[in-house]
Amino acid sequence: EVQLLESGGVLVQPGGSLRLSCGASGFTFAKFAMGWVRQAPGKGLEWVSSMTGTGGHTFYTDSVKGRFTVSRDNSKNTMYLQLDSLRPEDTALYYCARAHDDAVTGSAGSFDYWGQGTLVTVSS
Amino acid sequence: DIQMTQSPSSLSASVGDRVTITCQASQDIRSYLNWFQQKPGKAPRVLISDASTLHTGVPSRFSGGGSGTHYTFTITSLQPEDVATYFCQQYDDLPLTFGGGTKVEIK
């Protein structure tokens, strides 16, 4: 059974940093692209970042470029999202999701499994 | 960026009713479209991929269709457990983008 478990969400001040983790089980982690999607309170879903299986290619939405960094450790079946220079508008529930294969777009890039999310609150 | 316009934003229907939600893309997304169900406090659950492929374990009362820029999602016989918010999402190009969601309630 595919399982994804996010952790690391906390209350942080504007300008602060934190690292989110997404632990995976039930599949061969290195063979799949992964992504982060966030949902601000009461709002819709927003794609944040994606990364290919080997970690060779990373992608970001414009609003987080230069502030967020996605990475993965395939030996630990874990993906990370480093959040720096945080802003109040980054407040959201952050989900990790698995792609259907090792791609970020097209049929192979479709998100087919999601975690439960971890809450990041940016406030003074 | 590809804009996804989803309608309606909410609907109320009776148990057993047929419910249809539409998603309009700002450009051809070549059927690279997911439909998700999200219940309060829960993670999104993928129901349909590639516009019309039912995900494993999803009841057959859910279906999807369309092509090009226009897509539909249908519940053929609404059940009480279908109360949720439904989202469409395109994965033809980055940035991946989502529709605004449709909140489905029982009348």
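Just so it is clear: chains get the letters A, B, ... in the order the sequence lines come, proteins before strands, and each one is counted from 1.
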Approximate separation, where rounding is to 0.5 Å, of [X] [atom1] and [Y] [atom2]:
| X | Y | atom1 | atom2 | result |
| --- | --- | --- | --- | --- |
| A:T61 | B:D1 | OG1 | CG | 7.0 Å |
| A:S110 | B:L33 | OG | CG | 9.0 Å |
| B:R45 | A:Y113 | CZ | OH | 10.5 Å |
| B:F36 | A:F111 | CZ | CZ | 7.5 Å |

Which atom of [X] lies closest to which atom of [Y], heavy atoms considered:
| X | Y | answer |
| --- | --- | --- |
| B:F87 | A:G44 | CE2-CA, 4.0 Å |
| A:V104 | B:L96 | O-CD2, 3.8 Å |
| B:F98 | A:L45 | CD1-O, 3.4 Å |
| B:A43 | A:G115 | CB-O, 2.8 Å |
| B:K42 | A:Y95 | O-OH, 3.6 Å |

### Query
Given a strict heavy-atom distance threshold of 4.5 Å, which part of B:D92 is in contact with chain A: side chain, backbone, both, or neither?
backbone

## Note on the structure
So, the part of B:Q38 with a heavy atom under 4.5 Å from chain A: the answer is side chain

Do [X] and [Y] share a hydrophobic cluster, counting only Ile, Leu, Val, Met, Phe, Trp and Tyr and linking them when any side-chain heavy atoms are less than 4.5 Å apart?
| X | Y | answer |
| --- | --- | --- |
| B:L94 | B:I29 | no |
| B:W35 | B:V83 | yes |
| A:L81 | A:V120 | yes |
| B:V46 | B:F73 | no |
| A:L86 | A:V10 | yes |

#### Entry: Options A:T105, A:V37, A:D62, ranked by heavy-atom pairs under 4.5 Å with chain B, top entry
A:T105

### Query
For chain B, which of A:G35, A:G106, A:A97 has the most heavy-atom pairs under 4.5 Å?
A:G106

With a 4.5 angstrom heavy-atom cut-off, which part of [X] approaches chain B: side chain, backbone, both or neither?
| X | value |
| --- | --- |
| A:V48 | neither |
| A:E46 | backbone |
| A:Y60 | neither |

### Message
Using the ring centroid of each side chain, check whether B:Y91 and A:H100 are separated by less than 6.0 Å.
### Response
no

#### Entry: Donor-acceptor pair between A:S107 and B:D50 side chains, under 3.5 angstrom
yes

#### Entry: CZ (B:R61) with more than 12 external heavy atoms under 6.0 Å
yes

